[in-house]
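Structure record follows, encoded as structure tokens.
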2 protein chains.
Amino acid sequence: MAVSKNGIGRQSMADRVKHELLGRIMDGRMAPGARIVELQIAEEMQTSQGPVREALRELEAMDLIVTEPYKGTRVREVTPKEIEDAYDVRAALELLAAQLAAKHFKGNVEDLRKAAHAVLTAAKRKDARAYGTYDVRFHRMIVEAANNRALLRSWEALAYELRIATRLGKGHVDLMAAQDVHWHLIDELEKGNGKAAGRMLAENVVTAFHQHS
Amino acid sequence: MAVSKNGIGRQSMADRVKHELLGRIMDGRMAPGARIVELQIAEEMQTSQGPVREALRELEAMDLIVTEPYKGTRVREVTPKEIEDAYDVRAALELLAAQLAAKHFKGNVEDLRKAAHAVLTAAKRKDARAYGTYDVRFHRMIVEAANNRALLRSWEALAYELRIATRLGKGHVDLMAAQDVHWHLIDELEKGNGKAAGRMLAENVVTAFHQHS
DNA sequence: TTGCTGCTTTTTGTATGCAAATTCCGACAT
DNA sequence: ATGTCGGAATTTGCATACAAAAAGCAGCAA
């Protein structure tokens, strides 16, 4: 299912521009502060100004870029405090997520164990990039299992700050530190103990932050 | 300060369209499911299609409207479960907000008391509309005092669902029910007791939901 | 050197025109 | 009556053209 969300591979130009820019911003090819000029992007993507402007408006609503009238648009810069703020919110959201997801996972944690295993092997290999990918996937599984649309939306809205954080914290983080918590967390979820699972997950998030700070 | 956020009263056409549509959606003049056609809005607002499309893209990113390619855009419909979901997230966010805001309010709750008083008098008058306005303002004060950008953003993203909820729950709600909690909450904040304040605020939110459900 | 002045260039904001896709609706056959 | 087939009308998607604002720059004066 590599095409799009609307079934057929036909997606609007504005969407393609949006995803392209989103990719560049997320993986750092466009760093915070980088200028974005509409006609330049339009030419690169073989399109015109209109679709680019639509894409920019969307990215602006996602708080990834900032626009000043008649001055231009830039990739948003994020301060260390904003990163810490985002981690606090993430912890609060995942605290709720684990509580809500407990019902879903009770006696049904096979997939979750597999995901945690992927994180573990990446940690053993000291592969920080893979670790990041699989760890996010692990957390996302729990948030999705909570089956709460608003929760998932809020959680996803924090993605940019978290990406910046992991990019900045290149300094040797202890990838094994979170492992025990993961497995105990899964045990609690398997027992349907949402409260305890929530506390563990929130704790896991704040320690992850301290590693990157 | 009725003009705009960028200082001078000169704002782009796309922004004007966005705020106009936002107003219509929020106050129910455009009900969930209502169709929005680009050229029609453009004519109403004395502008062209481009700015309208930009505004729509922004509202789409805010999850207020849904667009299907070549089919059109409509005001998003929200299910009762989505409303409940939003209240759960709101409770989780305000639980955090109160904890973070405790430091700010410690020994400095005058403004908060005034806001709570406005809610109280509206409740005594049985003026449900004023009650809604002032109650939101009261909660917003706490979220803003938390001084956490991501938190405020997430909280504001729930506004649509909450508006729908209060519009649906026209049935005689007990406006006095939350009063005691408000004042006790303020007392705890004044003492700097964030944990207790958070629990009270979250509890306050879920009871508010049950009134509207 | 410093600071102003006016022009040129760059970039954003908006309008118009047209292509692409969908929906609507009536004619016609069964 | 029902269905379905084929244009016409509507609506979205995109490209081009141009206006408006800001930024940069050269030249000149103090």
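Residue numbers begin at 1 in each chain, while the letters A, B, ... track the order of the sequences.
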Return the value, rounded to whole Å, for the distance between atom CE of Met13(B) and atom C1' of dT16(C). 16 Å
Can you name the one residue among Asp85(B), Asp63(B), Thr79(B) that meets side-chain hydrogen bond (donor to acceptor under 3.5 Å, both in side chains) with Arg149(A)? Asp63(B)
Counting any heavy atom closer than 4.0 Å, what does Gly72(B) reach on the DNA or RNA strands: base, sugar-phosphate only, or nothing? sugar-phosphate
To the nearest angstrom, the CG-P distance between Leu56(A) and dT12(C) comes to 9 Å
So which nucleotide from dC14(D), dA15(C), dT12(D) ends up closest to the side chain of Leu39(B)? dT12(D)
Which nucleotide sits closest to the side chain of Tyr70(B): dT16(C), dA20(C), dC14(D)? dA20(C)
Using 30° and 60° as the class limits, which term best fits the ring planes of His182(A) and His139(A): parallel, tilted or perpendicular? perpendicular
Side chain to side chain contact (heavy atoms under 4.5 Å, CB included) evaluation trace for Gln11(A) with His19(A): CA-CA 11 Å; Gln11(A) 61 181 349; His19(A) 287 304; 4.3 Å; yes
Separation of atom NZ in Lys18(A) from atom P in dC14(D), rounded to whole Å: 14 Å
Counting only side-chain N and O atoms of Thr67(A), is one of them less than 4.0 Å from OP1 or OP2 of dT12(C)? no
Between dG13(C), dC14(D), dT14(C), which nucleotide has the shortest distance from any of its atoms to the side chain of Glu38(A)? dG13(C)
Rounded off to whole Å, could you give me the CD-to-P distance for the Gln11(B) and dT14(C) pair? 10 Å
CE (Met26(A)) and CZ (Arg29(A)) are apart, to the nearest 0.5 Å, by 12.5 Å
Using a cut-off of less than 4.0 Å, is there contact between a side-chain N or O of Lys71(A) and OP1 or OP2 of dA23(D)? yes
For Asp15(A) and dG13(D), give me the distance from atom CG to atom P, rounded to whole Å. 9 Å
Strictly below 4.0 Å: does Thr47(B) bring a side-chain N or O up to OP1 or OP2 of dA15(C)? yes
Glu68(B) atom CD is separated from dT23(C) atom C1', nearest whole Å, by 14 Å
Looking at Arg53(B), I'd like to know whether one of its side-chain N or O atoms comes within less than 4.0 Å of OP1 or OP2 on dG13(D). yes
On DNA chain C, compare the nucleotides closest to Glu54(B) and Gln49(B); which residue's is nearer the 5' end? Glu54(B)
Between Glu94(B) and Arg90(B) (salt bridge meaning N to carboxylate O under 4.0 Å), is one present in this structure? yes
Rounded off to whole Å, could you give me the CZ-to-C1' distance for the Arg57(B) and dT12(D) pair? 11 Å
How many whole angstroms separate atom CD of Glu43(B) from atom C1' of dA15(C)? 14 Å
